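Read through the structure below, which is laid out as structure tokens, and then see the notes.
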Amino acid sequence: MNIQNSELILNPDGSIYHLNLKPEHIANDIIFVGDQDRVDKVTEHFDKIEFTTQKREFKTSTGFYKGKRLSVVSTGIGPDNIDIVLNELDALVNIDLETRLVKKEHTALNIIRIGTSGSLQNDIPVDSFLLSSHALDINGMLHAYQIEDISIPEIEKAFIKHTDWSVRKAKPIIIDNSKELESRLFSNITFKGITATAGGFYGPQGRVLRLSLQDPNINKKIDSFNYNGHRITNLEMETSAIYGLSKLLGHKACSMNAILANRANGTFSEDPKKIVEDLIIYTLDKLVE
């Protein structure tokens, strides 16, 4: 059965609606960045750029780094934007846009996030690299899908008990990364841990300006959680959506984080641009090894 026009929306030129892309515009290895300006920070290292487009906050450039074809896509902020980006990228490779039928042969993409984040642990300093072994979804977007086969119930139950998680909030979900991509990206200079993904920057991440929090102790509870050595090491707004949707759609995903702040000791990087640049180069080189 073909997918209706209202569900799979295309632009007049046949490109996918939000990303403004056609299948030939993307590589199988795709780097996600949040900030549209960071796309150029990645591609300035490319040998050649073959295609660039932008619509709203979604900018895509495809080219070659040391002979390897890569795409860089800016997602904007938050799990709702990841829902758009990953579903549309998957449609480009796994749905025939002319017949609107799902292709019989599945194509798996490699999705690598290069993002910034704040550490929750004293021993993970600013200006370090952190690879997300798992993602803790505390924003609820993934509950729109059938997630039973991708979650890790034993860690979820331990987290809910440890934090006395409110039943009025979305149930936390734990999803792991692609171990294949982790093996390519991890090294002795990289920390590793669970990345919590919130649905907002202020209250959902425990920040207080003028509004009181539902649970004023939530950050301390998150920081102190430990399940068989698995700690929550950092907090941001995209990784769990990337991991969850990638697993559901049959893609591989791994999140790399430049640690700009340490919320445990109140420090912030003195040169955030440098640590982001260093992580970009580190990740690019790992992808071509």
Side-chain angles (χ1 to χ4, degrees), residues 1-36 38-40 42-43 46 48-65 67-114 141-147 149-150 175 178 180-181 238-255 287:
M1 183 175 179
N2 65 346
I3 300 169
Q4 296 300 305
N5 291 355
S6 59
E7 311 306 295
L8 175 61
I9 305 171
L10 302 180
N11 296 311
D13 67 353
S15 62
I16 199 86
Y17 184 63
H18 294 91
L19 299 185
N20 206 35
L21 295 170
K22 295 180 180 179
E24 62 267 24
H25 294 152
I26 61 167
N28 278 13
D29 294 272
I30 302 175
I31 293 171
F32 280 5
V33 295
D35 185 351
Q36 58 198 23
R38 196 170 293 151
V39 173
D40 292 343
V42 178
T43 60
F46 281 19
K48 173 187 174 184
I49 297 174
E50 65 179 39
F51 174 81
T52 297
T53 191
Q54 181 169 358
K55 184 178 180 182
R56 304 183 186 181
E57 64 267 51
F58 306 115
K59 180 174 182 177
T60 300
S61 288
T62 296
F64 291 84
Y65 178 76
K68 185 176 184 65
R69 190 169 187 252
L70 298 168
S71 293
V72 186
V73 179
S74 64
T75 64
I77 298 173
D80 50 344
N81 273 16
I82 298 299
D83 184 58
I84 291 171
V85 173
L86 255 166
N87 273 292
E88 292 196 359
L89 287 174
D90 177 76
L92 289 172
V93 296
N94 288 312
I95 298 173
D96 186 316
L97 300 187
E98 293 186 4
T99 65
R100 295 178 171 271
L101 295 172
V102 176
K103 295 179 180 178
K104 292 181 179 180
E105 187 174 338
H106 177 268
T107 296
L109 300 171
N110 293 320
I111 308 291
I112 301 94
R113 174 185 180 267
I114 299 178
M141 186 277 290
L142 288 172
H143 283 290
Y145 300 98
Q146 297 179 14
I147 56 172
D149 291 341
I150 66 166
I175 316 108
S178 160
E180 179 182 326
L181 287 180
E238 289 83 35
T239 294
S240 71
I242 294 170
Y243 282 13
L245 290 174
S246 292
K247 280 195 178 292
L248 290 172
L249 291 166
H251 305 301
K252 301 169 187 174
C254 198
S255 182
L287 289 176

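We're numbering straight along the sequence, starting at 1. Remember, predicted model here, so these are calculated numbers, not experimental data.
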With rounding to the nearest 0.5 Å, note down the distance linking [atom1] in [X] to [atom2] in [Y].
X: I82; Y: T75; atom1: CD1; atom2: OG1; value: 4.0 Å
X: L248; Y: L142; atom1: CG; atom2: CG; value: 7.0 Å
X: N87; Y: Y145; atom1: CG; atom2: OH; value: 4.0 Å
X: F46; Y: K68; atom1: CZ; atom2: NZ; value: 11.0 Å
X: E105; Y: N94; atom1: CD; atom2: CG; value: 9.5 Å
X: R38; Y: T43; atom1: CZ; atom2: OG1; value: 13.0 Å

Short side-chain to backbone donor-acceptor contact, [X] and [Y], under 3.5 Å:
X: H251; Y: L109; result: yes
X: S178; Y: C254; result: no
X: E238; Y: G34; result: no
X: S74; Y: E57; result: yes
X: Y17; Y: E88; result: no
X: D96; Y: K103; result: no

Might you point out which heavy atoms bring [X] and [Y] nearest each other, and give the distance in Å?
X: N28; Y: T107; value: ND2-CG2, 4.0 Å
X: T239; Y: S255; value: OG1-OG, 2.9 Å
X: V39; Y: S61; value: CG1-OG, 3.8 Å
X: A108; Y: G250; value: CB-O, 3.4 Å

Within the supplied structure, the quantity of interest is the number of heavy atoms (other residues, nucleotides, ligands) at a distance under 6.0 Å from I77 CD1; does it exceed 12?
no
Report, as yes or no, whether the 6.0 Å neighbourhood of atom CD on E24 holds more than 12 heavy atoms from other residues, nucleotides or ligands.
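Buried by this count: over 12 neighbours within 6.0 Å.
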Who pairs with D80 by salt bridge (Lys or Arg N to Asp or Glu O under 4.0 Å), at least two apart in sequence or on another chain?
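If we apply the salt bridge (Lys or Arg N to Asp or Glu O under 4.0 Å) test to D80, skipping adjacent residues, there are no hits.
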Output, in order, the C-alpha distance, side-chain angles, deciding distance and verdict of side-chain contact (heavy atoms from CB on, under 4.5 Å) for I31 and L287.
CA-CA 10 Å; I31 293 171; L287 289 176; 4.1 Å; yes
Decide yes or no on side-chain contact (heavy atoms from CB on, under 4.5 Å) for L21 and F51, but give the supporting numbers first.
CA-CA 10 Å; L21 295 170; F51 174 81; 3.6 Å; yes
I30 and N110: side-chain contact (heavy atoms from CB on, under 4.5 Å), yes or no, with the steps?
CA-CA 6 Å; I30 302 175; N110 293 320; over 6 Å; no
Candidate list V72, D40, T53, test side-chain contact (heavy atoms from CB on, under 4.5 Å), partner K59, passing option
D40
Can you name the one residue among I111, I112, I175 that meets side-chain contact (heavy atoms from CB on, under 4.5 Å) with I242?
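So the option named by the test is I111.
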Please, which pairs that meet side chain to side chain donor-acceptor pair (under 3.5 Å) have at least one residue in residues 1-16, sequence neighbours excluded?
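Qualifying pairs: N5-R100, N11-S15, N11-N20, N11-K55, D13-S15, S15-N20.
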Passes side-chain contact (heavy atoms from CB on, under 4.5 Å), L8 versus L97? Steps please.
CA-CA 9 Å; L8 175 61; L97 300 187; 4.1 Å; yes
